[in-house]
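Below you'll find the structure, written out as structure tokens, and then a few comments.
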There are 2 protein chains.
Amino acid sequence: MARGGRERNGQTGARALDVAALAGVSTATVSRAFNAPEKVAPDIREKVLKAAAELGWMPHPAGAALASRRTWLAGVLIPTLDNDVFASQVGALQTRLSADGVTVLIGCSNYDADQAANQVRTMLARGVEALAVVGESHRPGLFETISGRGVPYVVTYSHRPGSPHPSVGFDNAAAFRRIARHLLDLGHRDFGLIHQPSIDNDRVVARIEGLRATLAEEGVALRPQHVREGPASIAFGRESLRSIVDAPGPRPTAVVCGNDALAIGALIEARALGIGVPDELSITGFDDVAMAEQTDPPLTTMRVDNAEIGRRAADYLLACLAGRQPPPPPPLESRLILRASTGVPARSAA
Amino acid sequence: MARGGRERNGQTGARALDVAALAGVSTATVSRAFNAPEKVAPDIREKVLKAAAELGWMPHPAGAALASRRTWLAGVLIPTLDNDVFASQVGALQTRLSADGVTVLIGCSNYDADQAANQVRTMLARGVEALAVVGESHRPGLFETISGRGVPYVVTYSHRPGSPHPSVGFDNAAAFRRIARHLLDLGHRDFGLIHQPSIDNDRVVARIEGLRATLAEEGVALRPQHVREGPASIAFGRESLRSIVDAPGPRPTAVVCGNDALAIGALIEARALGIGVPDELSITGFDDVAMAEQTDPPLTTMRVDNAEIGRRAADYLLACLAGRQPPPPPPLESRLILRASTGVPARSAA
DNA sequence: GCTCAGAATGTAAGCGCTTACATATCACTT
DNA sequence: AAGTGATATGTAAGCGCTTACATTCTGAGC
């Protein structure tokens with residue numbers, strides 16, 4: 001961006017000194033009237049506020065940041081804003097932080113580890129005092145860089161037991177164990193899996209692991225031809241379902257999907273292929289988006305309170321900034337929402 | 001948030017002076033090596049960069065902002081991040097601006113004019129140098145406040161002919177005129193309308209106006225009992241459709257919806273009620289979300305490139321910041337996507 | 001060999017604010 | 001009447017950086 005343009009950085013031109021003069025006090029009192037009102041006599045405070053209003057003055061943040069060594073800035077790193085899940089997390093985080101006067105800077109990695117590292121660097125250079133980061137699989141040294149600067153951080157959206165990082169989220173592996181258990185209990189023994197890209201995405205990896213582990217407990221494994229990895233879109237869900245039912249080997253009686261978009265796609269394709277859900281095929285999603293209860297049949301899925309993740313992350317970081325040493329936040333619970341897209345498989349029902 | 005906590009504001013402790021000493025140059029050269037590399041001899045630049053890396057130093061933004069009167073901050077005001085439409089707009093805006101070193105501050109109004117005004121105030125106090133604001137119906141004086149500070153701004157998501165503000169968006173009224181014309185051309189004469197809250201929302205008001213005006217050209221009016229205003233959710237779409245078909249008077253043969261969520265809800269309810277779409281009832285949406293082409297029947301809707309809005313807004317603001325006086329951006333085109341949820345009404349088809 | 005423009009670097013004065021410390025004031029004690 | 005502590009306000013020293021201006025150094029032109 002070229003230099004030049006406006007003078008005075010968007011301020012009206014007044015400075016603390018001008019306000020002080022107009023109010024007949026010192027700049028120290030002006031500063032206190034804004035930052036520690038209780039330390040200023042009410043009548044004087046009034047005078048200062050009036051003078052400031054008259055001049056259209058407010059403290060210049062750069063001057064304030066420089067003198068107080070506080071920026072009141074926090075950063076949040078997410079893969080993308082184009083996903084409800086992260087957008088609502090950020091929204092809630094921001095609402096909470098701004099109530100305490102902290103402004104949020106957003107960095108999007110677009111699911112790319114290098115971009116993620118860059119965004120974090122930029123936010124640190126901007127002077128963020130706290131950081132929320134989605135997931136923990138990042139460039140080595142990323143978290144060290146952050147804590148090296150003395151910046152508190154929290155990992156969001158995942159809560160892996162044994163993780164060295166404070167994290168706010170749910171146990172992705174456990175969530176998929178729960179789904180697997182539900183389907184196993186119904187009697188399913190042949191499974192398909194449609195999931196989003198797993199590279200640099202610890203949440204997805206944990207989910208797959210959770211599923212595999214629980215299936216293995218019953219001696220069941222996913223056949224490679226029944227596992228599909230690709231974009232988290234309805235279209236890919238459709239395409240994948242078709243490819244799975246067309247694949248050689250016994251047709252799965254249950255298809256587990258990495259999120260609701262994939263599951264909705266699978267549901268649509270099953271209907272298009274004339275495959276009865278749940279009679280011939282059970283399908284599960286993840287996230288419980290608004291559409292999930294409106295599909296036909298309604299989708300069995302896992303509900304996660306993303307806004308709550310944002311809120312808790314904000315609370316944790318605020319506690320850190322307040323100098324407290326908050327305990328690592330407890331995991332959130334994800335909840336299995338049983339709807340009509342899962343049922344007893346045809347073979348055992350027969 | 002309580003004060004206290006870390007010293008040195010997240011920096012490593014090194015300052016420009018230390019880097020200068022280590023590199024054997026003056027702080028001026030250090031500054032130039034970072035901000036105007038071409039003005040520094042290559043070997044010296046090299047030395048400075050190495051010294052900085054060694055000390056883990058980067059320019060402190062507050063000091064830089066104070067001295068240069070540039071914050072490299074821009075703000076964007078949106079109703080909520082919980083809506084794809086705005087989230088992708090912000091995402092694109094941010095991507096573009098950050099390529100030019102500008103960091104984006106996000107303010108959410110939650111569709112509340114007071115919160116909007118507050119967020120703008122906060123962002124101005126933070127020193128944003130440019131502002132993108134969704135819609136133009138805001139507290140009186142809001143735009144004056146912004147330009148009073150010499151901050152360039154742009155209104156996004158709407159492009160009302162005759163608006164005094166530079167704006168990047170499409171003509172909401174024209175878009176709904178287009179929809180109305182489409183349905184009129186098919187032969188519809190009885191219409192329903194399901195729309196989102198119109199208070200403080202010029203986009204919605206413009207759409208309704210566009211629809212009404214075009215219907216009026218054919219002597220057609222919306223009957224009050226066939227107009228429903230409420231939350232932009234699938235659930236409200238369902239509920240509204242039921243209420244519309246249950247209402248007294250001739251049942252509409254076409255229901256126009258304010259966005260795709262409402263339309264999808266209407267579609268689902270129509271199916272649940274056994275009303276054939278499009279044979280007995282045509283339904284239109286707005287936005288062309290991913291789900292729109294997957295519904296049964298696929299939804300006729302209006303496509304808007306929200307990311308493009310973000311990009312163009314960013315370009316416009318960057319041009320302003322560069323000191324150029326860019327021409328007001330031209331309106332974007334919204335495009336009617338004809339799918340199978342609209343058709344010739346039964347009566348005239350019969 | 002000397003001059004001089006132009007480039008590279010240094011010097012130092014702030015940018016606008018906060019805050020430690022000093023000072024003034026006041027209401028009580030003693 | 002002087003002393004005391006609490007409270008309110010002022011003084012002034014930076015916070016870390018940028019940049020106008022001054023200085024030094026080059027090599028081209030004569």
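Residue numbering restarts at 1 for every chain, and letters A, B, ... go by the order of the sequence lines.
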Interface residues of residues 40-48 of chain B with DNA chain C (non-hydrogen, below 4.0 angstrom): B/V40, B/A41, B/I44

Would you mind classifying the nucleic acid contact of B/V25 as base, sugar-phosphate or nothing, using non-hydrogen atoms under 4.0 angstrom? sugar-phosphate

Would you be so kind as to tabulate the donor-acceptor pairs closer than 3.5 Å made by side chains of residues 150-157 of chain B, with sequence neighbours excluded?
| residue | atom | partner | partner atom | Å |
| --- | --- | --- | --- | --- |
| B/Y153 | OH | B/H165 | ND1 | 2.7 |
| B/T156 | OG1 | B/Q89 | OE1 | 2.8 |

So does A/S31 get a side-chain nitrogen or oxygen closer than 4.0 Å to the phosphate oxygens (OP1/OP2) of C/dT18? yes

Check whether any side-chain heavy atom of A/S88 lies under 4.5 Å from a side-chain heavy atom of A/V90, and answer yes or no. no

C/dG10 base to B/R32 side chain: any donor-acceptor pair below 3.5 Å? yes

For B/H60 and D/dG14, give me the distance from atom NE2 to atom P, rounded to whole Å. 18 Å

Give the rounded distance in Å between these two atoms: NZ of A/K39 and C1' of C/dT19. 9 Å

Which angle, to the nearest 10 degrees, lies between the helix axes at the two ends of the helix from C/dG1-D/dC30 to C/dT30-D/dA1, each defined by five pairs? 50°

Let me spell it out: for each of A/A28 and A/E38, pick the nucleotide of DNA chain D with the closest heavy atom. Which residue's pick is nearer the 5' end? A/E38

It should be established whether B/T29 places a side-chain nitrogen or oxygen under 4.0 Å from OP1 or OP2 of nucleotide C/dG10. yes

Nearest-nucleotide wise, let me know which of B/G63 and A/S26 is further upstream toward the 5' end of DNA chain D. A/S26

